[in-house]
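Structure record follows, encoded as structure tokens.
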Number of protein chains: 2
Amino acid sequence: MILSGFACTYKITGQGKRQIVSFTIAGDIPDLQSLHLKVLDNSVATLSPCSVGFITHEDLRHLCTRFPRITSAFWRETLIDAAIFREWVMNVGRREGVSRTAHLLCELMVRLKAVGLVEDHACDLPITQVEFADALGFTPVHVNRVFQQMRAEGLIVTEGTRLTIPDWDRLKQVGEFDPTYLHLEIEQAAA
Amino acid sequence: MILSGFACTYKITGQGKRQIVSFTIAGDIPDLQSLHLKVLDNSVATLSPCSVGFITHEDLRHLCTRFPRITSAFWRETLIDAAIFREWVMNVGRREGVSRTAHLLCELMVRLKAVGLVEDHACDLPITQVEFADALGFTPVHVNRVFQQMRAEGLIVTEGTRLTIPDWDRLKQVGEFDPTYLHLEIEQAAA
DNA sequence: CGATGGCTTGAAATCTCTCAAAGAAAGTGG
DNA sequence: CCACTTTCTTTGAGAGATTTCAAGCCATCG
């Protein structure tokens with residue numbers, strides 16, 4: 001479990017290209033699936049210094065058998081991960097440049113907000129353009145150009161790793177972002 | 001649960017573009033996630049005449065509480081779905097034309113083989129080029145051209161809805177296909 | 001037999017990539 | 001605190017992949 005910091009899970013194609021398939025932030029358990037899937041089909045990497053906690057499968061199984069509602073809670077977590085993957089398939093498959101990027105930024109903002117890491121429409125996002133490229137299915141060069149365009153259009157403001165969203169509604173609209181798929185208990189009105 | 005026939009789950013972007021996020025075949029439960037996720041975040045459609053079975057959430061919950069191993073089995077199913085989504089993100093994000101298409105065809109062949117729907121490296125695939133396009137993140141026109149190229153290269157043979165793979169190893173290689181992510185119990189050597 | 005859905009074609013427009021290099025920024029060691 | 005290295009960002013121009021638009025073909029079906 002990630003206690004603080006940013007990590008990601010990724011896969012590598014036969015040609016050595018990397019695809020980040022999820023970003024994991026505080027509170028996430030990036031490898032919960034290993035409880036029931038014996039063979040690893042993706043890798044985990046940190047994107048910033050992280051503090052992490054480890055829970056043995058044994059302990060998890062114990063918890064689950066003694067408290068069935070815990071099972072449901074964990075299961076639900078993995079189902080939400082799957083819902084996010086589905087959304088990523090759509091994002092990568094059907095949106096281009098600015099829209100695709102805006103969508104990802106919206107998702108990150110909402111998830112970060114849910115764990116208290118957003119203040120004044122801004123957050124610390126220690127993700128490089130190369131990493132965004134690997135998550136969005138672009139080249140780093142293209143991400144750079146997309147970011148420039150988004151800055152020019154006033155969609156984002158960046159200072160180092162700090163990201164500020166001047167107009168949340170507009171970013172949401174550009175990214176066609178609907179947070180339903182995140183299945184948050186408390187509805188996130190705005191970041 | 002799909003008993004026979006082909007279905008898919010999909011999402012629609014704000015601009016009305018469709019992205020198929022999974023194909024479901026005999027034995028699949030396309031909406032198992034609804035057991036723990038109250039809000040629907042994708043749609044299901046049939047691609048061919050299907051016979052389907054319905055299981056109420058109540059019955060499922062009953063089964064799960066009485067037989068914890070059933071819980072694990074269902075949970076595992078949803079985790080495999082998630083693993084497939086991850087692979088799709090990579091496929092759509094990092095592979096192009098022929099390779100992306102080959103990968104999808106490999107996945108379908110292996111999954112169909114697992115339920116006995118492949119004979120002599122061939123299967124019935126009632127999926128139109130428009131639907132392939134929506135699954136691969138291409139336009140129908142491009143899928144058509146990719147198919148033509150694959151036919152010309154002897155990677156696939158099509159007669160109506162029947163798909164034959166003349167050289168499985170080559171298709172696998174072109175699609176960089178490694179079935180690990182499908183987490184099949186019995187390893188599928190070849191389709 | 002006309003209608004419909006699916007497949008195929010061509011040419012031009014777009015988006016995104018590649019390659020190659022230079023400019024910032026950040027971390028390291030003295 | 002400065003030089004030095006490394007990592008990250010930015011630029012330009014040409015190439016490549018994919019889309020768009022628009023039309024024609026083919027099979028199937030009522």
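We name chains A, B, ... by the order of the sequence lines, and we start the count at 1 in each one. All values derive from a computational prediction rather than experimental measurement.
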* Is it true that A:F138 and A:F132 have ring centroids separated by less than 6.0 Å? ->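 Here the rings of A:F132 and A:F138 have centres that are no less than 6.0 Å from each other.
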
* For every nucleotide of nucleotides 6-22 of chain C, 5' to 3': is a protein heavy atom under 4.0 Å from its base (B), only from its sugar-phosphate (S), or from neither (-)? -> SSBBBB---SSBBB---

* Asked: Are any side-chain N or O atoms of B:R18 and backbone N or O atoms of B:Y10, one a donor and one an acceptor, separated by less than 3.5 Å?
  ->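 Between the backbone of B:Y10 and the side chain of B:R18 there is no qualifying donor-acceptor contact (under 3.5 Å).
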
* Within the side chain of B:Q19, is there an N or O that forms a donor-acceptor pair under 3.5 Å with the backbone of B:A135? ->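 Such a contact is found between B:Q19 side chain and B:A135 backbone.
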
* Whole angstrom value for the distance that separates C1' of D:dT9 from CG of A:L125 ->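 For the pair A:L125 CG and D:dT9 C1', the rounded distance is 16 Å.
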
* **Nucleotide D:dT9, atom C1' - distance to CZ of A:F132 in whole Å** =>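 Going from CZ in A:F132 over to C1' in D:dT9 covers 14 Å.
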
* Using only heavy-atom distances, determine whether the side chains of B:T161 and B:D124 contain a donor-acceptor pair under 3.5 Å. =>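 Looking only at side-chain atoms, B:D124 and B:T161 do form a donor-acceptor pair, the distance falling under 3.5 Å.
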
* Between B:F177 and B:W168, how do the two ring planes meet: parallel, tilted or perpendicular, split at 30° and 60°? ->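 Perpendicular.
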
